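Quick notes on the structure that follows.
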Number of protein chains: 2
Amino acid sequence: MRLTARSEYALLALVHLVRHADEAYLSVQSIADAQGIPAKFLEQILLTLKRARYVRSLKGQHGGYRLARPAKEISLAEVIRLFDGALAPTESVSKYFYESTPIEKERALLKLFKGIRDYVSDRLEKTTLADVS
Amino acid sequence: MRLTARSEYALLALVHLVRHADEAYLSVQSIADAQGIPAKFLEQILLTLKRARYVRSLKGQHGGYRLARPAKEISLAEVIRLFDGALAPTESVSKYFYESTPIEKERALLKLFKGIRDYVSDRLEKTTLADVS
DNA sequence: CACAATCCCGATCGATTCAGTCATATATGA
DNA sequence: TCATATATGACTGAATCGATCGGGATTGTG
């Protein structure tokens with residue numbers, strides 16, 4: 001798995017939302033300022049998070065974003081998969097994003113990489129926003 | 001870490017060389033045919049492996065490539081780093097390829113990703129070509 | 001009602017990476 | 001000398017990444 005800036009920003013924004021969950025809706029701009037994220041880029045990211053139902057939004061004055069679910073019900077695995085796809089080191093050992101790749105015929109390599117996928121997957125499934133906020 | 005076709009091909013070629021270590025030098029073409037790798041692309045890859053001293057070559061008729069070291073002394077970690085860089089999920093937790101990234105200020109995230117890096121790193125350091133051939 | 005704040009959304013862009021090819025030079029053995 | 005190899009650099013087309021741009025739609029406030 002390889003984290004892009006997109007998913008790193010997404011995690012930062014979500015952590016920020018968790019920490020300010022009481023203050024109702026936070027504007028893109030305020031999150032961008034607080035976390036040092038380019039505002040228009042963050043807009044895109046929050047929109048993706050909204051479509052995937054991790055956050056809710058409100059338009060107009062005093063609008064913005066807030067979490068749509070309790071922090072402990074959102075795993076890092078979900079968020080990273082949403083932006084970066086497979087958690088596996090190569091797609092031929094991915095559960096949700098399987099595709100054929102060259103090493104597929106080599107049993108020993110496959111087994112090793114599956115083991116790595118399982119570990120990474122397990123760690124990220126078990127860690128929620130609540131754990132890192 | 002994300003495997004590219006390059007490093008997957010490299011692993012396949014190396015495994016092939018391990019299995020035919022007795023037959024002296026194998027030509028790029030014969031390896032390419034046996035492993036289903038585009039020959040000119042493989043040429044590039046073997047050249048990189050040669051410069052990094054994992055294989056040796058001989059030009060001219062009956063030339064080709066062979067391993068430069070015993071299979072058990074070449075870890076998968078080295079090979080993958082050579083082609084794909086960091087084994088870490090993000091460069092801010094990479095040992096050999098460190099660079100600053102957005103999540104860096106979040107201690108809990110950093111710790112988690114370092115844990116993942118350590119695991120992946122350890123598995124790949126401890127697995128050698130001999131183990132997968 | 002008008003306006004400002006804010007989300008919504010598609011298009012575009014420049015840089016980089018990836019997978020792979022091409023042409024050519026160079027070395028080697030028969 | 002010739003066929004067979006590796007050595008090397010340049011190139012290319014497609015995809016991805018990290019944004020930015022420009023509007024449109026909605027909503028609370030004065």
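Every value quoted in this text rests on a predicted model; they were computed, and no experiment measured them. The chains referred to below are lettered A, B, ... by the order of the sequence lines, with proteins before strands, and numbering in each begins at 1.
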field: Derivation and outcome, side chain to side chain contact (heavy atoms under 4.5 Å, CB included), residues A/Val93 and A/Ile116
entry: CA-CA 9 Å; A/Val93 298; A/Ile116 290 174; over 6 Å; no
message: Going by ring pair (Phe, Tyr, Trp, His ring centres under 6.0 Å), name the pairs with one or both residues in residues 100-133 of chain A, residues two or more places apart or in two chains.
response: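 Sorted result for residues 100-133 of chain A: A/Tyr119-B/Tyr119.
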query: Tracing side-chain links under 4.5 Å among I, L, V, M, F, W and Y, which residues wind up in one group with B/Tyr96?
result: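 Other cluster members: B/Phe97.
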Round to a whole Å and report the spacing from [atom1] of [X] to [atom2] of [N].
| X | N | atom1 | atom2 | result |
| --- | --- | --- | --- | --- |
| A/Arg6 | D/dA15 | CZ | P | 17 Å |
| A/Ile37 | D/dT20 | CD1 | P | 12 Å |
| B/Leu3 | C/dA19 | CG | P | 10 Å |

- prompt: Which side chain to side chain donor-acceptor pair (under 3.5 Å) pairs, counting each pair once, include a residue from residues 72-81 of chain A, with sequence neighbours left out?
  reply: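 Every pair satisfying side chain to side chain donor-acceptor pair (under 3.5 Å) with a residue in residues 72-81 of chain A: A/Tyr54-A/Glu78, A/Ser75-A/Glu78, A/Arg81-A/Ser121, A/Arg81-A/Glu125.
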Let's see if you get this right: which residues in [range] place a heavy atom under 4.0 Å from DNA chain D?
| range | value |
| --- | --- |
| residues 73-84 of chain B | none |
| residues 40-52 of chain A | A/Lys40, A/Phe41, A/Gln44 |
| residues 10-35 of chain A | none |

query: With A/Asp131, which residues qualify under salt bridge (Lys or Arg N to Asp or Glu O under 4.0 Å), at least two apart?
result: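 Here no residue qualifies.
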- request: Taking salt bridge (Lys or Arg N to Asp or Glu O under 4.0 Å) as the test, write out the residues that go with B/Arg66, two or more places apart.
  value: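 Partners of B/Arg66 under the salt bridge (Lys or Arg N to Asp or Glu O under 4.0 Å) test: none.
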- prompt: Hey, is NZ on A/Lys95 packed in by over 12 heavy atoms from elsewhere, all under 6.0 Å?
  reply: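 No, because the 6.0 Å sphere around NZ of A/Lys95 holds 12 heavy atoms or fewer from other groups.
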- prompt: For B/Ser57 and D/dA7, is the shortest distance between a side-chain N/O and OP1 or OP2 below 4.0 Å?
  reply: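 Result: yes.
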- request: May I ask you to verify if any side-chain N or O of B/Tyr9 is less than 4.0 angstrom from the OP1 or OP2 atom of C/dC18?
  value: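 No, no such contact exists.
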List the atom pairs, with distances to 0.1 Å, where a side-chain N or O of residues 42-51 of chain A and a protein N or O form a donor-acceptor pair under 3.5 Å, not counting sequence neighbours.
residue: A/Thr48; atom: OG1; partner: A/Gln44; partner atom: O; Å: 3.2

task: Write down the atom of A/Met1, the atom of A/Val120, and the distance for their closest heavy-atom approach.
output: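 Heavy-atom minimum between the residues: CE-CG1, 3.8 Å.
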Pairs under 3.5 Å (N/O, protein and nucleotides 27-30 of chain D):
residue: D/dG28; atom: N2; partner: A/Gln61; partner atom: OE1; Å: 3.4
residue: D/dG28; atom: N3; partner: A/Gln61; partner atom: OE1; Å: 2.9
residue: D/dT29; atom: O4'; partner: A/Gln61; partner atom: OE1; Å: 3.1

message: Using a strict threshold of under 4.0 Å (side-chain N to carboxylate O), is an ion pair present between B/Lys126 and B/Asp122?
response: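 B/Lys126 and B/Asp122: salt-bridged.
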Anything under 3.5 Å between a donor and an acceptor, one on a side chain of residues 30-38 of chain B, the other on a protein residue two or more places apart or in another chain? List them.
residue: B/Ser30; atom: OG; partner: B/Ser27; partner atom: N; Å: 3.4
residue: B/Ser30; atom: OG; partner: B/Ser27; partner atom: O; Å: 2.8
residue: B/Ser30; atom: OG; partner: B/Ser27; partner atom: OG; Å: 3.4
residue: B/Asp33; atom: OD1; partner: B/Gln29; partner atom: NE2; Å: 3.1
residue: B/Gln35; atom: NE2; partner: B/His16; partner atom: ND1; Å: 3.0

message: Evaluate A/Tyr9 against A/Phe41 for ring pair (Phe, Tyr, Trp, His ring centres under 6.0 Å), listing each step before the verdict.
response: CA-CA 9 Å; A/Tyr9 287 150; A/Phe41 195 25; 5.7 Å; yes
- prompt: By side chain to side chain donor-acceptor pair (under 3.5 Å), which residues pair with A/Ser92, not counting sequence neighbours?
  reply: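 Residues passing side chain to side chain donor-acceptor pair (under 3.5 Å) with A/Ser92: A/Thr101.
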